[in-house]
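Numbered from 1 within each chain, the chains take letters A, B, ... in sequence-line order.
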4 protein chains.
Amino acid sequence: MNKHKIKKEISFQKFMEASLKVFAEKGYEKASLDDIAREAGYTKGAFYIHFSSKEELFLKLMKSRLEVFKQQFLESFTPGENIEDTVRAGVALFVHLTKKDNWAPLYFEFCVNAIRNDSIKKHMADHYQDWIETIIFILKQSKECKSCKDDVLKQLAATIIALLDGYHLQESISPNSMSQDTISKSIVNVIHSIC
Amino acid sequence: MNKHKIKKEISFQKFMEASLKVFAEKGYEKASLDDIAREAGYTKGAFYIHFSSKEELFLKLMKSRLEVFKQQFLESFTPGENIEDTVRAGVALFVHLTKKDNWAPLYFEFCVNAIRNDSIKKHMADHYQDWIETIIFILKQSKECKSCKDDVLKQLAATIIALLDGYHLQESISPNSMSQDTISKSIVNVIHSIC
Amino acid sequence: MNKHKIKKEISFQKFMEASLKVFAEKGYEKASLDDIAREAGYTKGAFYIHFSSKEELFLKLMKSRLEVFKQQFLESFTPGENIEDTVRAGVALFVHLTKKDNWAPLYFEFCVNAIRNDSIKKHMADHYQDWIETIIFILKQSKECKSCKDDVLKQLAATIIALLDGYHLQESISPNSMSQDTISKSIVNVIHSIC
Amino acid sequence: MNKHKIKKEISFQKFMEASLKVFAEKGYEKASLDDIAREAGYTKGAFYIHFSSKEELFLKLMKSRLEVFKQQFLESFTPGENIEDTVRAGVALFVHLTKKDNWAPLYFEFCVNAIRNDSIKKHMADHYQDWIETIIFILKQSKECKSCKDDVLKQLAATIIALLDGYHLQESISPNSMSQDTISKSIVNVIHSIC
DNA sequence: AATGAATGAGCGTTCATTCAT
DNA sequence: AATGAATGAACGCTCATTCAT
């Protein structure tokens, strides 16, 4: 039992959780290391034991949260009997996860920074690719898409993501413009029309 | 003809144009008033003749650019003979405007700040409302949607916006995942399925 | 009459004088910009109106003080009737200037930083070259050195500088080990022996 | 034989050697204990087992290196048959030692700190006194200085040190301005002229 | 004897804002 | 209307020192 390592892991996690909160509340630039350290229950100096810079923390947090989001989705997702039920379950789960942990401000903070910073952009692009593949995998298990070509499915998956992202954004700024039902129906329709 | 006022209007516009560029390049926080003033061809002190704070500038710029975007859309938009052509024209125009003037980083900068700041959020919400109405107005001119109920059209318009926003975001981070054609077809299908 | 420029020049000079004092007292690294600004009667922020970095200030101060030292020497130096009087006058003047304005700690601070920093080193090397030429010029006016070869005079001048630097250093650490008289005599002797 | 003590002595020496290197490269202030510990092959915490502070290390290093320099000089120095050979041998040895172990930046770092810090100054003054006595001892073995008065020899020794220090400084900043031969000749001449 | 997590004070630098000119 | 010197509060980062392990 290595107490040092355990302690380090605990503080690392506290910093990650604290930064999740502070970045979500204030955005990357306005979140100060003082804020984050205070929230984590440490001093600013301690921060540099665990991270080499603010940017590194942001990147690590981003990787971690995007991964956690995907894991939580995959763990809880259960496809329905038909494509409609499957989509409905997926959308419901997406909406649910989206409301947890201050996800919206953090996610769009990632996006905005990705647009201007190439190394973040690369990461977000990978993340999109991941989701495209995940969605294709799910779609392929339905009778509707079983025999669709891969490039068609790719476009379809990207469209579904666009719808969800756009819904998420709209919901964050002007809640209740769209119902979950509308989103689900639209997705199902797009699937039927393309496949 | 008041020379003072004309001069003032000119420098105001120069600051607006300069800040459009600098905010798009660096984001709100990292854009310094020095950068903006230099870009505008003035000094920092001059800034405060036209704006009372950096935040005010950002808000004014946001209002102005969102308005300009809409005006440019409305001016150039010509509905086609049928809904499909109309949608295709609208999407093409949206994509075109979206690529001008470094629009993506600025637009999503607005969105991200809206999520965290209530007065900005209010503004963006109004902007969404505006677009919803504009889209409803366009849809109503087609035979497909002529007799649709208003609340159905609202959901439809919001869905179209979500698709476009989501496409815009994806395109900014990971270009060429989706074709314009896909987006148009999806919109047409959603229209058909809902109306 | 440009008040802005005058004001700027005054503050610039105050910063230069303040840094002269603070660098001499604390050395380059331990002298903080807060110290220097306080000593100058300004705040830290004002510093960056006049200098782009701490290092730039140090370099400017170094150039300025080395130049001032040389100017003061040249202005006050009057050769004697013979080489002995000339040397005696020169040494007395050197010793006098050396005791003004906290010169020793500043000068050796320059030297130490020169050893480790190439751009400073280049500057100090130029300064040495300057002094060698100045001393050669003075020596050439004496009948003893009138017809000496240039490379011999160069070695002679460098030796004289070594003696003065070495004396200056020793005097700064362990005062009164050597008399001015000794130094003068030694220089005269070296001149006689080489020329 | 105490294993603990031997181990302690070894790590002490490693820290001394490491700090010799790091102080020479970066100077006192910019040398961090992290740098030194890493160079020594330990961690920062271990440092405080052997030294109570950074300043103490610097002082111990200074004492040790000044002593080592003198020991190395005395061990290798062999007087010649006449004063000229003796001086030539001494100068050659001085120049040789001076080029070893990054001596210049360290030595002048000592000097600069001595000028500003009284306890270091005291130490350097003792060091100078030591060298004066050493040089007097050497000079007294020559027929030229055998019967010189002590205070005359003291001035002479101080002058020789000044020349060597000045040469060392000049050589460190602007190499090859003076030849070793010139320095030797000058010293011999000063000896002849004073004694 | 040695590690390494944590502190806390300090530093160089940036920048929105003010105001005399 | 415009300049630009000055402020003052932050901020990211460093580092000598402490202490539980």
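Atom NZ of Lys21(A) sits in a sparse spot, with 12 or fewer heavy atoms from other residues, nucleotides or ligands closer than 6.0 Å. Other residues, nucleotides and ligands contribute only 12 or fewer heavy atoms inside 6.0 Å of the CD atom of Glu55(B). Annotation: Lys14(A), atom NZ; neighbour count of heavy atoms from other residues, nucleotides and ligands within 6.0 Å does not exceed 12.
Exactly one of Phe110(D), Tyr107(D), Trp103(D) qualifies for a ring-ring contact (aromatic ring centres under 6.0 Å, His included) with Phe69(D). That residue is Trp103(D).
A cation-pi arrangement, defined by a distance under 6.0 Å to the six-membered ring centre and an angle within 45 degrees of its axis, is absent between Lys30(C) and Phe23(C).
Across dT21(F), dA16(F), dT17(E), the shortest atom-to-atom separation from the side chain of Lys54(B) is found for dT17(E).
When the side chain to side chain donor-acceptor pair (under 3.5 Å) test is applied to Asp101(A), the partners found at least two apart in sequence or on another chain are Arg65(A).
Ring geometry for Tyr42(B) against Phe15(B) counts as parallel: the plane angle stays under 30°, on a 0 to 90° scale with 60° as the upper cut. Ring-plane geometry between Phe12(A) and His50(A) is classed as perpendicular, the angle between the planes exceeding 60 degrees on a 0 to 90 degree scale with a lower cut at 30.
Base pairing analysis places dC11(F) opposite dG12(E); the two distances defining the Watson-Crick or G-U wobble pair are each below 3.5 Å. Pairing partner, dT21(F): dA2(E), with both Watson-Crick or wobble hydrogen-bond distances short of 3.5 Å.
Taking the nucleotide of DNA chain F with the nearest heavy atom to each of Ser53(D) and Tyr48(A), the more 5' of the two is matched to Tyr48(A).
Near-neighbour residues of DNA chain E inside residues 26-37 of chain C, defined by a heavy atom below 4.0 Å, number-ordered: Ala31(C), Ser32(C), Leu33(C).
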Please list, for nucleotides 2-5 of chain E, all pairs of protein and nucleotide N/O atoms separated by less than 3.5 Å.
unit_1	atom_1	unit_2	atom_2	d
dA2(E)	OP2	Ser11(D)	OG	3.1
dA2(E)	OP2	His50(D)	NE2	3.2
dT3(E)	OP2	Thr43(D)	N	3.0
dT3(E)	OP2	Thr43(D)	OG1	3.0
dT3(E)	O5'	Thr43(D)	OG1	3.3
dA5(E)	OP2	Lys8(A)	NZ	3.2

